[in-house]
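Beneath this line is the structure, given in structure tokens, with notes to follow.
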Amino acid sequence: MRSFYGTTLPNALMLGTAQYPSPAILAEAFKRSQAAVATVSLRRESSHDRAGQDFWGLIRDLGVRVLPNTAGCHTVKEAVTTAHMAREIFGTKWIKLEVIGDEDTLQPDVFGLVEAARILTEDGFQVFPYTTEDLVVAGKLLTVGCEVLMPWGAPIGSGLGLNNLFGLRAIRAHFPEVPLVIDAGIGLPSHAARAMELGFDAVLLNTAVAKAGDPAGMAEAFALALRAGQLAADADPMEPRDMASPSTPLIGQAFLS
């Protein structure tokens, strides 16, 4: 497992904490999946709100690494301010940086994203940028100090899976030493397995688990799929062929004279 800013995670699943039917179901989903990271929006936390304090207590009890995010931020200033508040509340340098540029697709504003990433890395944050699969944007994020990239698979909450396989293969090939996380759009365990087969290092998802009929069961299914995909990638899978190739050798085959 590749390390993220010097931290090696026990598995490849990063799981969101929003939209679950109840706190008990959220906790069960983390227990059955053994997710390594919990992503948390600052908007769920408040120093003066009892519900926020109860939620933070639940997250602490999960015993996993916390990755606060700047979900819902649309400007550089808003994202930077939210990140500073998150660092104070959650006590971590990690921040999942979102700067949203389009309301319909929730596609990141890559120009604002690069600028916010520069500001935050200079201030000591370890930034996990939610970005597109664009190679130029990826290079600029690395240049300003990011050591992890989180390209989307599809629009947030869409469940469409991996929309641009060419682009995702390209970003993996261009940055072989950079930890890459598929973030957003994953809907099925098969999507997550495919991401790992492509050589990605982790998958971050929320809606596909939280909105399932059985969130805990779906969380476990994703964990198993990620493991299968990682094992497949490590096993050096065969290359696809355009023509058939017999799996049974012809040498020694019996025939009638």
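Values below: all heavy atoms of this structure, side chains included; hydrogens, waters and symmetry mates excluded.
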State the [atom1]-[atom2] distance between [X] and [Y], to the nearest 0.5 angstrom.
X: L113; Y: C146; atom1: CG; atom2: SG; answer: 7.0 Å
X: E133; Y: N163; atom1: CD; atom2: CG; answer: 8.5 Å
X: T81; Y: E78; atom1: OG1; atom2: CD; answer: 8.0 Å
X: T82; Y: K77; atom1: OG1; atom2: NZ; answer: 11.5 Å
X: Q126; Y: W94; atom1: CD; atom2: CH2; answer: 7.5 Å
X: M85; Y: F90; atom1: CE; atom2: CZ; answer: 10.0 Å

Does [X] reach the side chain of [Y], with side-chain heavy atoms less than 4.5 Å apart?
X: L13; Y: Q34; answer: no
X: T7; Y: L9; answer: yes
X: F222; Y: V203; answer: no
X: T132; Y: P108; answer: yes
X: I119; Y: V76; answer: yes
X: I171; Y: L180; answer: yes
X: F200; Y: L168; answer: yes
X: D183; Y: W152; answer: no

Side-chain ([X]) to main-chain ([Y]) donor-acceptor, under 3.5 angstrom:
X: Q230; Y: L226; result: no
X: S22; Y: I25; result: yes
X: Y5; Y: E147; result: yes
X: T131; Y: L149; result: no
X: T121; Y: R118; result: yes
X: S158; Y: A154; result: no

* To do: Walk me through it: do L26 and L62 pass the test side-chain contact (heavy atoms from CB on, under 4.5 Å)?
  => CA-CA 10 Å; L26 186 157; L62 295 176; 4.0 Å; yes

* Can you list the steps and then say if V37 with V64 is a side-chain contact (heavy atoms from CB on, under 4.5 Å)? -> CA-CA 6 Å; V37 173; V64 300; over 6 Å; no

Check for me, please, whether [X] and [Y] land in the same ILVMFWY cluster - side-chain distances under 4.5 Å, paths through other members count.
X: L106; Y: L160; value: no
X: L231; Y: I182; value: no
X: L198; Y: L135; value: yes
X: V178; Y: M196; value: yes
X: L97; Y: V110; value: yes

For the residue pair [X] and [Y], what are the closest heavy atoms and their distance?
X: V209; Y: L205; value: CG2-CD1, 3.3 Å
X: A29; Y: A219; value: O-CB, 3.5 Å
X: A208; Y: G187; value: CB-O, 3.6 Å
X: P237; Y: A232; value: CD-O, 3.3 Å
X: A83; Y: T70; value: N-CG2, 4.1 Å
X: A116; Y: V99; value: CB-CG2, 4.2 Å

* CD of E88: more than 12 outside heavy atoms within 6.0 angstrom? ->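 No, not enclosed.
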
* **Atom NE2 of H174 with >12 non-hydrogen neighbours under 6.0 angstrom** =>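 Open.
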
* Asked: Any salt bridge (charged side-chain N to carboxylate O under 4.0 Å, His left out) pairs touching residues 210-236, not counting sequence neighbours?
  -> R32-E220

* According to the salt bridge (charged side-chain N to carboxylate O under 4.0 Å, His left out) rule, which pairs have a member within residues 170-181, sequence neighbours left out? ->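 Applying salt bridge (charged side-chain N to carboxylate O under 4.0 Å, His left out) to every pair that reaches into residues 170-181, excluding sequence neighbours, yields R172-D201.
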
* Relative to the ring of F4, is the ring of F128 parallel (under 30°), tilted (30 to 60°) or perpendicular (over 60°)? ->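 Taking F4 first and then F128, their aromatic rings lie parallel (interplane angle under 30°).
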
* Asked: Which residues pass the side-chain hydrogen bond (donor to acceptor under 3.5 Å, both in side chains) test with D61, sequence neighbours left out?
  -> none

* To do: Identify whether the distance between the nearest side-chain nitrogen and carboxylate oxygen of K96 and E98 falls below 4.0 Å.
  =>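 Looking at K96 and E98, the cut-off is met.
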
* Could you give me the CA-CA distance, side-chain angles and deciding distance for C73 and I100, then say whether side-chain contact (heavy atoms from CB on, under 4.5 Å) is met? => CA-CA 6 Å; C73 293; I100 300 301; over 6 Å; no

* Structure fact -> Tested for side-chain contact (heavy atoms from CB on, under 4.5 Å) against L204, the lone hit among I186, V181, N69 is V181

* Asked: Checking side-chain contact (heavy atoms from CB on, under 4.5 Å) against T17, which of I59, L58, V66, N206 comes through?
  -> I59

* Which is it for V127 and V148 under the side-chain contact (heavy atoms from CB on, under 4.5 Å) test, yes or no, and what are the steps along the way? -> CA-CA 7 Å; V127 178; V148 176; over 6 Å; no

* Give the C-alpha distance, both sets of side-chain angles, the deciding distance and a yes or no for side chain to side chain donor-acceptor pair (under 3.5 Å) between R87 and T92. => CA-CA 5 Å; R87 181 168 63 179; T92 178; over 6 Å; no

